[in-house]
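Heads up, the thing below is written out as structure tokens.
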Amino acid sequence: MRTSWADSVSNSAAEIAIWDKNSLPRPTRSTYVPPHLRSGSISDLSGPVTGTNGGSRWTGSDGGGTKPELRRQGQANSYATAGRDAAAGGGGGGGGRNNRSGGWDRREREVNPFGNDDKIYDIKQNFSEQENSGINFDAYEDIPVEASGENVPPPVNTFAEIDLGEILNQNIRRCKYVKPTPVQRHAIPIALAGKDLMACAQTGSGKTAAFCFPIISGIMRELYAQRSHVGRTVYPLGLILSPTRELSCQIHDEAKKFSYQTGVKVVVAYGGAPINQQLRELERGVDILVATPGRLVDLLERARVSLQAVRYLALDEADRMLDMGFEPQIRKIVEQMNMPNRGVRQTMLFSATFPREIQRLASDFLSNHIFLAVGRVGPSTDLIVQRVEFVLESDKRSHLMDLLHAQRENGNHGKQALTLVFVETKKGADSLEHWLCMNGFPSTTIHGDRTQQERELALRSFKSGKTPILVATDVAARGLDIPHVAHVVNFDLPNDIDDYVHRIGRTGRAGKTGLATAFFNESNLSLARPLAELMQEASQEVPAWLTHYASRAPYGGNKNRRSGGRFGGSDFRREESIGKNLDYYSGGNSGNAYEGLVDIAGGYAPGVTSAWD
DNA sequence: CCTGGGC
């Protein structure tokens with residue numbers, strides 16, 4: 001039998017909200033509601049209800065599990081005006097949805113995310129500086145975009161064209177976003193149209209905003225937008241998953257800026273950190289949950305989170321989330337945890353690379369989706385200079401030292417430019433870091449054997465320039481937005497070319513230039529061919545010896561077998577339907593300034609989008 | 001072989 005202590009904690013959002021941050025939640029007899037009295041009354045528990053029972057909107061076909069009492073009630077009538085007014089500009093910061101529990105008074109106490117200068121992941125701070133000093137938007141002008149699927153909504157050219165509402169527009173201005181990036185121009189209208197989306201675009205090109213704005217805007221407009229909980233179980237409306245803790249933190253910090261003063265509450269949950277604080281944060285209410293898979297499963301098994309109300313699901317770095325290591329966990333979360341089915345919820349997958357097998361897997365989670373490919377801004381254009389050097393295993397350390405020495409001498413005032421060094425193993429990371437420190441190069445390291453505290457400290461120390469060299473495993477390969485990384489060194493090359501693409505994408509961000517150096521030797525033969533091809537596509541100088549290895553090497557190092565061109569992937573439905581590895585980029589439109597929309601849906605009837613459905 | 005992720 002469960003203790004009354006456990007049951008009695010927190011049945012009221014209002015009560016939770018007044019708890020002192022630092023004091024433990026204390027059981028209060030008066031808040032205890034016996035389970036048999038709870039049903040049908042979540043609205044009572046979660047705040048004032050003024051409307052009558054509005055039609056429940058998430059009538060999802062969620063596998064017979066839907067308890068009627070869990071459907072959000074009320075607000076149907078009053079909302080339409082309240083919500084829309086808020087979205088359409090209810091006067092300054094005032095007009096939020098005050099029909100969500102704890103609504104506007106919570107907003108008053110909301111920490112201004114734009115005022116925090118020393119936050120670890122305060123990436124937009126830097127981004128905005130760059131924008132002010134003239135972000136290299138030209139770099140974005142000339143890239144090809146392809147979209148396929150049924151009824152693709154047209155792209156927009158300005159944020160003003162998108163009806164996100166005055167509050168979100170203010171946050172866009174606070175972020176100093178002048179105009180949408182290509183992935184935003186195309187993805188946001190698709191997402192706002194309620195379509196499922198698989199989007200392929202380089203990180204650093206604004207993907208986070210591309211899925212956050214539609215989710216926040218959607219939640220603001222929902223008719224049933226009453227934040228609910230039953231007992232200690234909370235029901236987020238949006239779920240954003242990412243493969244690493246740091247990336248989840250980063251997304252959370254961005255999402256908090258985008259949702260400032262909207263009344264939409266964003267909470268993050270990830271492993272390696274004490275769970276109690278995260279639990280308390282969840283109890284105070286959550287609309288959008290950003291999480292890593294492991295911790296989320298934990299929360300689901302403890303019944304502290306239910307996915308039954310999820311309307312929006314976004315997977316960042318989706319190809320990673322669906323590869324061998326993660327896929328079972330993701331499948332469990334998406335398919336076996338009471339989440340509304342595809343087609344009922346809206347699903348958005350984002351990544352810089354989309355191998356075809358992954359697309360095939362992903363189609364299990366999507367319903368009649370639109371595939372969007374935005375040409376790479378970074379790795380395969382001139383923004384990143386890629387170099388490959390032949391370095392024997394035994395020479396790697398001294399060679400790295402030479403590079404670092406030269407870099408220091410050429411740098412400003414003898415300062416070391418931020419250099420990110422990728423190695424293959426955790427042990428290798430530790431030992432290289434130690435060696436660098438011993439040789440006068442202040443370094444730190446980030447990998448999965450370090451505690452979360454150490455990982456965060458390392459990242460902060462690197463960003464601040466205190467230790468301008470960061471030795472990392474692939475934990476840092478994806479998504480992390482570290483401004484001003486001048487040089488990425490592939491001390492050990494990865495086995496997969498897509499990992500290489502993600503790694504070098506840590507430099508040359510937001511339209512800036514960067515340098516990527518790789519140490520190649522006989523243990524990297526399988527990468528010779530895809531690497532040579534990638535560099536050639538990017539108009540990089542390919543050393544003769546690499547071409548030689550490439551010509552002898554078998555195919556390898558590539559799960560994707562990319563069909564050439566400037567994208568990180570292409571719509572597998574199209575390729576499969578034609579039955580060939582179709583290179584449709586090498587034709588007319590990859591080189592010119594074509595920015596329009598190409599609907600290459602090419603004769604799919606509804607419901608026959610692919611052979612895997 | 002390696003990496004990521006819950007106590």
Side-chain angles (χ1 to χ4, degrees), chain A residues 203 239-252 268-279 282 289-305 307 315-334 336-337 351-353 355 358 361 393 420-432 445-456 458-459 470-480 490-503 506 519 521-527 556-559:
Chain A
T203 22
L239 177 64
I240 299 171
L241 296 175
S242 92
T244 67
R245 302 162 179 175
E246 284 78 10
L247 189 50
S248 281
C249 285
Q250 181 180 296
I251 294 166
H252 172 243
V268 66
Y270 54 88
I275 201 168
N276 283 338
Q277 204 181 332
Q278 291 174 10
L279 288 174
L282 285 168
L289 178 59
V290 184
T292 50
R295 181 55 64 95
L296 177 61
V297 168
D298 191 12
L299 292 167
L300 291 168
E301 284 171 352
R302 291 172 188 234
R304 299 300 292 261
V305 171
L307 301 180
L315 303 192
D316 201 8
E317 306 299 338
D319 62 332
R320 185 83 175 90
M321 304 293 282
L322 295 173
D323 81 4
M324 277 197 323
F326 272 119
E327 190 251 353
Q329 229 169 351
I330 300 301
R331 204 171 271 283
K332 178 174 181 179
I333 291 168
V334 177
Q336 290 160 31
M337 287 294 186
S351 185
T353 51
I358 301 288
L361 263 177
E393 212 59 42
L420 184 48
V421 182
F422 281 105
V423 296
E424 198 58 23
T425 67
K426 297 183 270 201
K427 269 168 104 173
D430 280 335
S431 96
L432 181 60
T445 179
I446 185 168
H447 59 71
D449 273 355
R450 304 201 82 196
T451 66
Q452 191 55 26
Q453 220 172 11
E454 288 171 327
R455 282 162 61 156
E456 282 169 22
L459 212 45
L470 179 64
V471 184
T473 61
D474 269 330
V475 69
R478 283 165 181 269
L480 285 191
N490 273 290
F491 189 89
D492 300 319
L493 273 164
N495 296 317
D496 191 290
I497 192 67
D498 285 346
D499 291 330
Y500 173 85
V501 170
H502 283 276
R503 285 181 179 185
R506 295 317 97 206
F519 296 174
N521 61 40
E522 259 105 0
S523 57
N524 309 115
L525 289 182
S526 69
L527 205 66
N558 193 337
K559 299 175 293 200

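Letters go in sequence order (proteins before strands), and every chain restarts at 1.
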Spacing of A/Y500 atom OH relative to B/dT3 atom C1', expressed in whole Å: 19 Å

Integer-rounded Å distance: B/dT3 C1' and A/E424 CD: 8 Å

Spacing of A/L527 atom CG relative to B/dC2 atom P, expressed in whole Å: 18 Å

Salt-bridge present (A/K427, A/D449; N to O < 4.0 Å): no

Phosphate-side-chain proximity, A/K427 and B/dC2, N/O vs OP1/OP2 below 4.0 Å: no

OP1 or OP2 of B/dG5 under 4.0 Å from side-chain N/O of A/T244: no

Test: A/K426 and A/D430 ion pair at under 4.0 Å: no

Sugar-phosphate, base or nothing in reach of A/G271, heavy atoms under 4.0 Å: sugar-phosphate

Shortest side-chain distance from A/R320, nucleotide among B/dC2, B/dG4, B/dG5: B/dG4

Among B/dC1, B/dG5, B/dG4, the one nearest A/N495 by side-chain distance: B/dC1

d(CD1, A/I358; C1', B/dG4) in whole Å: 14 Å

Any donor-acceptor N/O pair under 3.5 Å between B/dT3 base and A/R478 side chain: no

Closest to side chain of A/D323, choosing from B/dG5, B/dC2, B/dG4: B/dG4

Selection from B/dG4, B/dG5, B/dC2 that lies nearest to any side-chain heavy atom of A/H447: B/dG4

Gap between atoms CG and C1', on A/D319 and B/dG4 respectively (whole Å): 13 Å

Nearest-Å distance for atom pair CZ/C1', residues A/R455 and B/dT3: 11 Å

Sugar-phosphate, base or nothing in reach of A/A273, heavy atoms under 4.0 Å: sugar-phosphate

Separation of A/R304 CZ from A/Q278 CD (nearest 0.5 Å): 11.5 Å

Spacing of A/E301 atom CD relative to B/dG5 atom P, expressed in whole Å: 17 Å

N-O pairing of A/D498 and A/R320 below 4.0 Å: no

Phosphate OP1/OP2 of B/dT3 contacted by A/R245 side-chain N/O (<4.0 Å): no

Value in whole Å for how far the P atom of B/dT3 lies from CG of A/D430: 11 Å

Exam field: side chain A/R506 to backbone A/L480, donor-acceptor pair closer than 3.5 Å: yes

